[in-house]
Number of protein chains: 2
Amino acid sequence: MEKDSRSRLLEAAIPLFAEKGFNAVSIRELSEKAGANSALISYYFGNKEGLYTAVLDFQFSRITTAVSNSHSLSPIERIRYYGKNAILIHQQCPHLMRYIQREVANPSVGFETVVSRHIASAYHFLHAAIANGIETGDFRSDLDPDYAALSLAGIINFYFMTKPLVSTFLPPAKNLDHAYIMQALEIYLNGVINK
Amino acid sequence: MEKDSRSRLLEAAIPLFAEKGFNAVSIRELSEKAGANSALISYYFGNKEGLYTAVLDFQFSRITTAVSNSHSLSPIERIRYYGKNAILIHQQCPHLMRYIQREVANPSVGFETVVSRHIASAYHFLHAAIANGIETGDFRSDLDPDYAALSLAGIINFYFMTKPLVSTFLPPAKNLDHAYIMQALEIYLNGVINK
DNA sequence: GTCTATATTGCGATAGAC
DNA sequence: GTCTATCGCAATATAGAC
């Protein structure tokens with residue numbers, strides 16, 4: 001059973017905008033791939049930009065749901081949880097990282113209302129985990145929770161951001177994501193844990 | 001004394017392409033800002049794409065020169081050198097990071113010939129520093145130099161990539177770049193040094 | 001809700017004068 | 001080396017039939 005035109009347009013837009021960017025995708029190409037008429041973009045989303053914002057909304061909501069429901073974990077467990085979850089998210093939403101990159105490099109109209117909020121919720125998750133770890137004495141007391149949170153975000157997310165490029169000069173591995181994240185978490189945790 | 005039209009076009013293009021992306025900049029806007037005629041873009045660079053590639057070439061060459069002439073440094077010193085240098089590069093070339101992001105998210109025709117090579121040279125610098133540190137016993141022997149190099153690149157560069165966004169929820173500091181990089185290097189070095 | 005047809009605008013590129 | 005003028009094309013958006 002085929003979905004309705006609105007859904008088909010939205011789903012066709014996800015990989016197209018991700019791979020080519022907003023300007024490089026025409027509503028003709030979009031509607032053709034969706035098997036719908038190009039006039040329906042204006043009908044359902046107002047205009048091309050409205051469709052893009054709808055895609056953003058759909059993609060970024062995945063981030064906030066990912067860092068929810070992880071209370072009752074220890075600081076160290078929450079760090080590991082973040083790393084494992086990153087692998088999962090980018091497997092399930094293979095286009096999300098492109099949208100993050102595009103929005104950071106060149107914010108669209110939906111940046112403030114959707115992008116910024118979801119990124120902030122991920123950041124606050126990390127910040128809380130580290131601040132908590134400093135309190136409990138698990139982590140070094142000379143850490144700044146803001147910088148340490150950003151360091152962790154960097155060591156994990158830079159890999160996914162640059163994966164298309166970086167995997168060309170990385171030795172092949174059967175499970176590259178897992179191998180990298182395990183090593184990265186090891187380095188990071190070793191760097192922040194109180195000894 | 002004003003520069004020639006070719007130089008003015010090239011220099012006007014750098015911030016424009018960086019901020020808006022290739023497609024969102026018209027040759028009319030470009031030539032207007034450069035104080036030159038739009039027909040000169042074809043005359044000097046073949047077409048708009050040729051101008052973009054010339055800009056890429058100019059921007060990315062900064063990376064390779066940055067990691068040259070740093071022999072005779074110890075592994076740990078080379079790690080710190082990389083961090084300090086990153087601050088310097090992004091101060092001197094404030095648009096470079098945008099080009100890196102754009103090229104990673106959406107490679108242009110100049111990707112293989114210019115982008116890929118310069119990024120690789122930075123990567124090899126880090127890889128060599130870490131492999132050397134493992135040999136000398138400065139760094140832990142269970143490190144994989146590939147993953148460890150990428151971890152360092154991530155902890156440093158993610159900050160610069162996301163700075164426009166992330167500095168909105170980071171507490172203000174008199175020298176944010178320096179403060180972050182010092183903390184990040186501390187975490188990283190603590191994580192890789194043999195104890 | 002979906003279609004065709006079209007209005008309108010702006011683009012990149014170039015021919016040819018100077 | 002620089003300019004004007006313009007060609008040809010592709011883009012988004014919409015009016016109006018069904």
Side-chain angles (χ1 to χ4, degrees), chain A residues 1-58 98-99 102-103 105-111, chain B residues 1-58 98-99 102-103 105-111 113-114:
Chain A
M1 169 81 188
E2 207 177 17
K3 294 186 180 170
D4 62 4
S5 294
R6 191 183 185 282
S7 304
R8 294 205 311 278
L9 282 168
L10 196 66
E11 281 168 24
I14 292 170
L16 279 178
F17 283 143
E19 278 154 29
K20 302 185 173 193
F22 180 77
N23 288 294
V25 180
S26 71
I27 59 168
R28 294 196 219 296
E29 178 182 11
L30 210 42
S31 55
E32 202 167 311
K33 199 179 164 192
N37 192 283
S38 69
L40 294 178
I41 291 172
S42 294
Y43 180 74
Y44 284 117
F45 303 98
N47 53 28
K48 184 186 169 187
E49 197 175 56
L51 171 56
Y52 184 81
T53 305
V55 170
L56 271 194
D57 218 9
F58 183 66
R98 293 278 180 100
Y99 284 103
R102 288 189 193 288
E103 285 296 315
N106 193 223
S108 73
V109 290
F111 182 81
Chain B
M1 170 83 188
E2 207 177 18
K3 294 186 180 171
D4 62 3
S5 294
R6 191 184 186 281
S7 304
R8 293 204 311 277
L9 282 168
L10 197 65
E11 282 168 23
I14 292 171
L16 279 179
F17 282 144
E19 280 154 27
K20 302 186 172 193
F22 181 78
N23 287 295
V25 180
S26 71
I27 59 168
R28 287 174 170 80
E29 177 182 12
L30 208 44
S31 54
E32 201 168 313
K33 198 179 165 191
N37 191 283
S38 70
L40 293 178
I41 291 172
S42 293
Y43 180 74
Y44 284 118
F45 303 97
N47 53 28
K48 183 186 169 188
E49 197 175 56
L51 171 57
Y52 185 82
T53 304
V55 170
L56 271 194
D57 217 8
F58 184 67
R98 294 276 181 101
Y99 284 104
R102 287 189 193 289
E103 286 296 316
N106 192 224
S108 73
V109 289
F111 182 82
T113 53
V114 6

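Residue numbers start from 1 in every chain, and the chains themselves are labelled A, B, ... in the order their sequence lines are given, proteins ahead of strands. Predicted model, so just to flag it, every value in this text is computed and none were measured.
The minimum heavy-atom distance linking A:Y99 with A:A18 is given by the pair OH-N, 3.3 Å. Scanning all heavy atoms of the two residues, the minimum distance from A:S108 to A:L56 falls at OG-CD1, 3.5 Å.
Each of B:V55, B:L10, B:T53 was compared with B:F45 under the side chain to side chain contact (heavy atoms under 4.5 Å, CB included) criterion, and only B:L10 meets it.
We find the CG-CZ distance between A:L40 and A:R6 to be 11.5 Å, quoted to the nearest 0.5 Å. The CD atom of A:E49 sits 5.5 Å away from atom CZ of A:F22, with the distance rounded to the nearest 0.5 Å. The structure places CG of A:D57 at 12.0 Å from OH of A:Y52, a figure rounded to the nearest 0.5 Å.
The environment of CZ in A:F111 is crowded: more than 12 heavy-atom neighbours from other residues, nucleotides or ligands sit within 6.0 Å.
Mapping heavy-atom proximity under 4.0 Å, the span of DNA chain C touched by chain A runs 5' to 3' from C:dG1 to C:dT4.
Counting only residues at least two apart or on different chains, the salt bridge (Lys or Arg N to Asp or Glu O under 4.0 Å) pairs with a member in residues 11-32 of chain B are B:K3-B:E11, B:K20-B:E29.
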Find every protein N or O atom lying less than 3.5 Å from an N or O atom of nucleotides 9-13 of chain D, and list the pairs.
| unit_1 | atom_1 | unit_2 | atom_2 | d |
| --- | --- | --- | --- | --- |
| D:dA11 | N7 | A:R28 | NH2 | 2.7 |
| D:dT12 | OP1 | A:V25 | O | 3.4 |
| D:dT12 | OP1 | A:I27 | N | 3.3 |
| D:dT12 | OP1 | A:K48 | NZ | 3.0 |
| D:dT12 | OP2 | A:I27 | N | 3.0 |
| D:dT12 | O4 | A:R28 | NH2 | 3.4 |
| D:dA13 | OP2 | A:K48 | N | 3.2 |

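As judged by a 4.0 angstrom heavy-atom cut-off over every strand, B:Y44 is placed among residues touching the sugar-phosphate backbone only.
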